[in-house]
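When a residue number appears, it is its place in the shown sequence, counting from 1. Worth saying up front: this structure is predicted, and the values here are computed from it rather than measured. Every number for a ligand or one of its atoms is a count from 1 in the order of the listing.
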Amino acid sequence: MHIENTKILSALPNLGVDLLRSVSLGELTSLGIGGATDLLRIHRHQSIPSLLNLLEETEVPHKFLGGGSNLLVIDGELPFIVLQLAQPNPDVVIAGNIASVDAAADLGKTVTLCAKNNLGGMEGLIGVPGTVGGALRMNAGAYGMQIGSYVREVKVYRAATRTIEILRGPEISFEYRHTSFAPDDMMLAVTLDLPSKPYQQILQGIRICNEKRRSSQPLGQKSAGCIFKNPPGGSAGRMIDELGLKGFSRGDARVSDRHANFFVNTGRASAADMLALIAEVRERVQQAYGVTLENEVVVWNA
Ligand code: EPU
């Protein structure tokens with residue numbers, strides 16, 4: 001989608017928003033799939049309510065992009081524009097056990113920086129690609145931990161009230177790969193309260209998680225991490241593997257040989273290839289186990 005409305009175009013400089021024309025989402029997502037659209041990069045949180053009011057008023061459909069690591073986007077000219085936070089400098093500020101982190105901060109770098117300040121707890125997230133905002137929105141977790149456990153407060157743009165709000169403790173619920181944020185809420189910043197731990201000890205935990213991940217996940221390939229959530233008490237990866245579906249493919253979209261819940265783009269997979277593979281695997285698991293797997297990957301198809 002191309003922004004043509006002059007009211008929007010003339011307001012952007014004052015709002016501190018950069019316009020990037022015809023950006024390929026294939027280049028901004030870890031799956032390497034997705035068509036092109038205009039992207040607005042936001043440098044000031046306080047501009048967001050005005051910007052969003054303007055987009056609503058002019059009826060420009062929009063979506064929020066984090067790090068693009070858990071996302072499958074349709075091909076072709078996209079029927080929406082994309083909003084993304086610019087990365088401030090610094091994006092992480094540490095005081096005592098509290099880390100104040102911008103949503104645009106890289107998750108891995110944040111875990112490492114906290115570790116260097118003798119703050120642990122997040123070792124399991126070390127190899128998870130993406131931004132802190134993306135991790136927060138879906139309560140990313142691995143190796144027995146989840147980011148939600150360390151959240152003290154979250155600064156969020158709430159689409160329902162069109163205001164920036166600070167939410168604390170009981171105002172947010174974090175469940176397995178799910179949070180109480182609305183789909184159109186935009187994560188802006190988070191305050192994490194992390195346990196003190198000596199750097200060397202954190203480093204050891206990080207090495208163990210890295211090793212586990214390297215031995216079980218297709219790290220060098222284009223993927224969006226796990227495609228499906230695990231069903232209660234079960235493992236989507238194990239079920240897909242048991243059905244002999246490793247290597248099963250649709251075009252260049254393929255069930256990883258390493259971890260059956262990772263679907264990789266082996267070349268020039270289209271969104272249609274990946275969606276067809278997801279539908280087919282879901283159907284086979286449904287038939288064999290009577291379990292309907294729910295997407296973990298976020299799909300932007302309209
Ligand atoms: N398994 C197989 N075959 C496979 C994959 C897994 O038999 O192809 C078996 C494993 O041997 C193990 C069980 O299934 O006994 C669980 O596998 P694993 O330990 O790899 O964990 P997972 O449940 O598949 C979850 C998260 C991952 C996270 C790992 C490590 C979900 C959907 N996935 O995977 O997160 O990295 O645990 O804690 O919750 C993600 O969210 O994108 C993601 C990759």
Next on the checklist: Could you go through His62 and Phe80, starting from their C-alpha distance and side-chain angles, then the distance that decides it, and tell me whether this counts as side-chain contact (heavy atoms from CB on, under 4.5 Å)?
Outcome noted: CA-CA 5 Å; His62 51 271; Phe80 47 81; 5.7 Å; no
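In this structure, the side chain of Asn117 does not engage the main chain of Leu119 through any donor-acceptor pair within 3.5 Å.
Between the side chains of Asn53 and Ser50, no donor N or O sits under 3.5 Å from an acceptor N or O. For the residue pair Tyr176/Gln146, the side-chain donor-acceptor check at 3.5 Å is not satisfied.
Near ligand 1, Ala142, Tyr143, Tyr176, Arg177, Arg213, Gln217, Gly225, Cys226, Phe228, Asn230, Ser235, Gly237, Arg238, Asp241, Lys246, His259, Ala260, Asn261, Phe262, Glu296 each place a heavy atom less than 4.0 angstrom from the ligand.
Within the 4.5 Å cutoff, no side-chain heavy atoms of Arg254 are placed close to those of Phe263.
When the options Arg137, Arg158, Lys155 are evaluated for a salt bridge (Lys or Arg N to Asp or Glu O under 4.0 Å) with Asp185, the one that passes is Arg158.
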